[in-house]
Amino acid sequence: MSNVTIKTVKEVDGIRVASQMAAETLIGVGKILRPGITTDEINTFVHEDTVRRGGWPAPLNYHGFPKSVCTSINEVVCHGIPDGRVLEPGDIINVDVTTIFNGFFGDTSATFYVGTPSAEAKHVTEVSRRSLDLGIAQVREGARLGDIGAAIQEFAEGQGCSVVRAFVGHGIGRKFHEPPQVQHVGKWGNGMRLKAGMCFTIEPMINLGHFDIEVLADKWTAVTVDGSLSAQFEHTVVVTKSGCEVLTRRKVRLENSENFPDPFSADVLRSSAAV
Ligand code: MF3
Ligand code: CO
Ligand code: CO
């Protein structure tokens, strides 16, 4: 019944290379991000950095998307289109990088702080960061797809936030989007059993207010209906027997986003190795 493919070791190697390229480009975004730059400048950086590494930016012309990266500011949930808008102190911005290399895709995003965030902006951003980590922590062979959504929903709603339903994580490989759909809400024990070699993204979009979204007249930009702030983080993972490998794991901390140690940072890996 399931059309979810199990990737071979060579296929996972290909997805890992593309994923690490996307991760490196996202690290670069953190370095250039500051008040006063435009989302078009982020787009130019992502396009040129991706090409310099020998890859290609998957969003460009994907179902007609006009730019090389998605930039989603404040109440924009996802699929924001880079333009001349200038980043202002206090904005939060998700930058979603997807790299194609040698026929394989790697997909990762993060929300960045422009200057000093408000308490509300910090809350929704940190809840979304932790939601992704908790979703990832559920992944292992034999777990259920619904466990990922349940872990995310339980935490995010407990923090007074809501989980967007209209967009989901997705299988990935030689295609940008393939089965399964990875919902970020769910019930414990429900859904497909995960098997080693499945590759998919987890990318919870968390709103400070209601989860309802609407798509603007440009046919892409998704915003919260109530105008509340929204934040998102995304990783590409491969299921293993004992857990998962985060293929888009960063070896250094993101500037302008990760202000405390996160479970997949080099800092934490070093300190746990020392125990
Ligand atoms: N990167 C997005 C995702 O996580 C998809 C963007 S599609 C685009 O699935 F066309 F807007 F780029
Ligand atoms: Co994705
Ligand atoms: Co993405």
Side-chain angles (χ1 to χ4, degrees), residues 4 15-16 18-27 29-30 39-40 42-47 49-50 55-73 76-83 93-101 104-112 128-129 131-132 135-136 139 145 148-149 152 163-184 198-206 213-223 230-238 244 246-250 254 257:
V4 179
I15 300 165
R16 185 185 297 106
S19 292
Q20 283 297 304
M21 290 168 64
E24 291 291 341
T25 299
L26 192 63
I27 289 165
V29 170
T39 50
D40 267 338
I42 297 171
N43 182 72
T44 299
F45 171 80
V46 168
H47 188 97
D49 190 72
T50 303
W56 189 253
L60 187 58
N61 301 319
Y62 180 76
H63 293 281
F65 190 80
K67 296 292 176 90
S68 299
V69 65
C70 298
T71 53
S72 302
I73 300 174
V76 180
V77 172
C78 63
H79 302 166
I81 303 172
D83 60 13
I93 178 171
N94 174 278
V95 180
D96 191 340
V97 174
T98 312
T99 300
I100 316 176
F101 180 74
F104 291 101
F105 289 74
D107 191 7
T108 186
S109 85
T111 296
F112 297 91
S128 71
R129 189 197 315 276
S131 293
L132 172 57
I136 288 170
V139 180
L145 206 49
I148 298 169
I152 291 168
V163 181
V164 171
R165 273 65 163 168
F167 300 101
V168 295
H170 49 92
I172 189 166
R174 289 187 178 274
K175 288 196 247 168
F176 197 163
H177 297 105
E178 59 181 55
Q181 294 197 357
V182 181
Q183 290 181 249
H184 303 111
M198 289 180 175
C199 291
F200 52 80
T201 72
I202 306 176
E203 48 181 301
M205 284 140 274
I206 304 297
I213 68 103
E214 63 191 353
V215 177
L216 300 185
D218 63 19
K219 301 272 180 52
W220 282 104
T221 310
V223 299
S230 186
Q232 180 183 25
F233 288 80
E234 174 176 26
H235 274 306
T236 297
V237 307
V238 57
C244 71
V246 179
L247 297 172
T248 44
R249 185 171 72 82
R250 294 178 284 276
L254 281 179
S257 181

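We count ligands from 1, going down the list as the structure has it; atoms in each ligand are counted the same way.
- With Val46 as reference, Thr50 is the one residue of Asn43, Asp49, Thr50, Thr44 to meet the side-chain contact (heavy atoms from CB on, under 4.5 Å) rule.
- With no hydrogens or angles considered, a side-chain donor-acceptor pair links His170 and Glu203 at under 3.5 Å.
- Heavy-atom separations between Asp107 and ligand 1 include at least one value shorter than 4.0 Å.
- Residue Phe105 is tested with Trp56, Phe176, Tyr62 for a ring pair (Phe, Tyr, Trp, His ring centres under 6.0 Å); the sole match is Phe176.
- A salt bridge links Asp40 with Lys67; the closest basic N to acidic carboxylate O contact falls under 4.0 Å.
- Of the listed residues (Ile148, Val246, Val168), just one forms a side-chain contact (heavy atoms from CB on, under 4.5 Å) with Ile202, and that residue is Ile148.
- The residue His63 has no part lying near ligand 1, judged by heavy-atom distances below 4.0 Å.
- Residue contacts with ligand 1, taken as heavy atom pairs separated by less than 4.0 Å, involve Tyr62 via backbone and side-chain atoms alike.
- Around atom 1 (N) of ligand 1, the closest heavy atom drawn from Thr221, Val97, Asp96, Val168 belongs to Asp96.
- Around the Co ion (ligand 2), the protein atoms of type N, O or S found under 2.8 Å away are Asp107 OD2, His170 NE2, Glu203 OE2, Glu234 OE2, listed by chain and number.
- Annotation for Glu24: atom CD counts as buried by contact number, over 12 foreign heavy atoms lying within 6.0 Å.
- Remark: ligand 1 atoms within the under-4.0 Å shell around heavy atoms of Pro59 are 12 (F).
- Around atom CD of Gln181, no more than 12 heavy atoms belonging to other residues, nucleotides or ligands sit under 6.0 Å away.
- When non-hydrogen atoms are compared, ligand 1 lies under 4.0 Å from the side chain of Cys70 (C-beta onward) but not from its backbone.
- Using a 4.0 Å heavy-atom cutoff, Phe167 is absent from the residues neighbouring ligand 1.
- Where the criterion is an N or O separation shorter than 3.5 Å, residue side chain and backbone included, Glu203 meets it with respect to ligand 1.
- Residue contacts with ligand 1: His79 is placed with no nitrogen or oxygen under 3.5 Å of a nitrogen or oxygen of the ligand (distance criterion only).
- For the pair Arg174 and Phe104, the distance from NZ or CZ to the six-membered ring centre is under 6.0 Å and the angle to the ring normal is within 45 degrees.
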Before giving the answer on side chain to side chain contact (heavy atoms under 4.5 Å, CB included), spell out for Val95 and Leu26 the whole-Å C-alpha distance, their side-chain angles and the decisive distance to 0.1 Å.
CA-CA 8 Å; Val95 180; Leu26 192 63; 4.3 Å; yes

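- Each of the following atoms of ligand 1 lies closer than 4.0 Å to a heavy atom of Thr98: 1 (N).
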Applying side chain to side chain contact (heavy atoms under 4.5 Å, CB included), run through Thr71 and Val69 and close with a yes or a no.
CA-CA 6 Å; Thr71 53; Val69 65; 4.1 Å; yes

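- Atoms of ligand 1 lying under 4.0 Å from any heavy atom of His177, numbered from 1 in the order shown and given with element: 3 (C), 5 (C), 9 (O).
- Phe176 CZ, 3.6 Å is the protein heavy atom nearest to atom 5 (C) of ligand 1.
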Side chain to side chain contact (heavy atoms under 4.5 Å, CB included) between Lys219 and His79: does it pass, once the steps are laid out?
CA-CA 10 Å; Lys219 301 272 180 52; His79 302 166; over 6 Å; no

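- When all heavy atoms of Phe65 and Gly80 are compared, the closest pair comes out as CZ-O, 3.7 Å.
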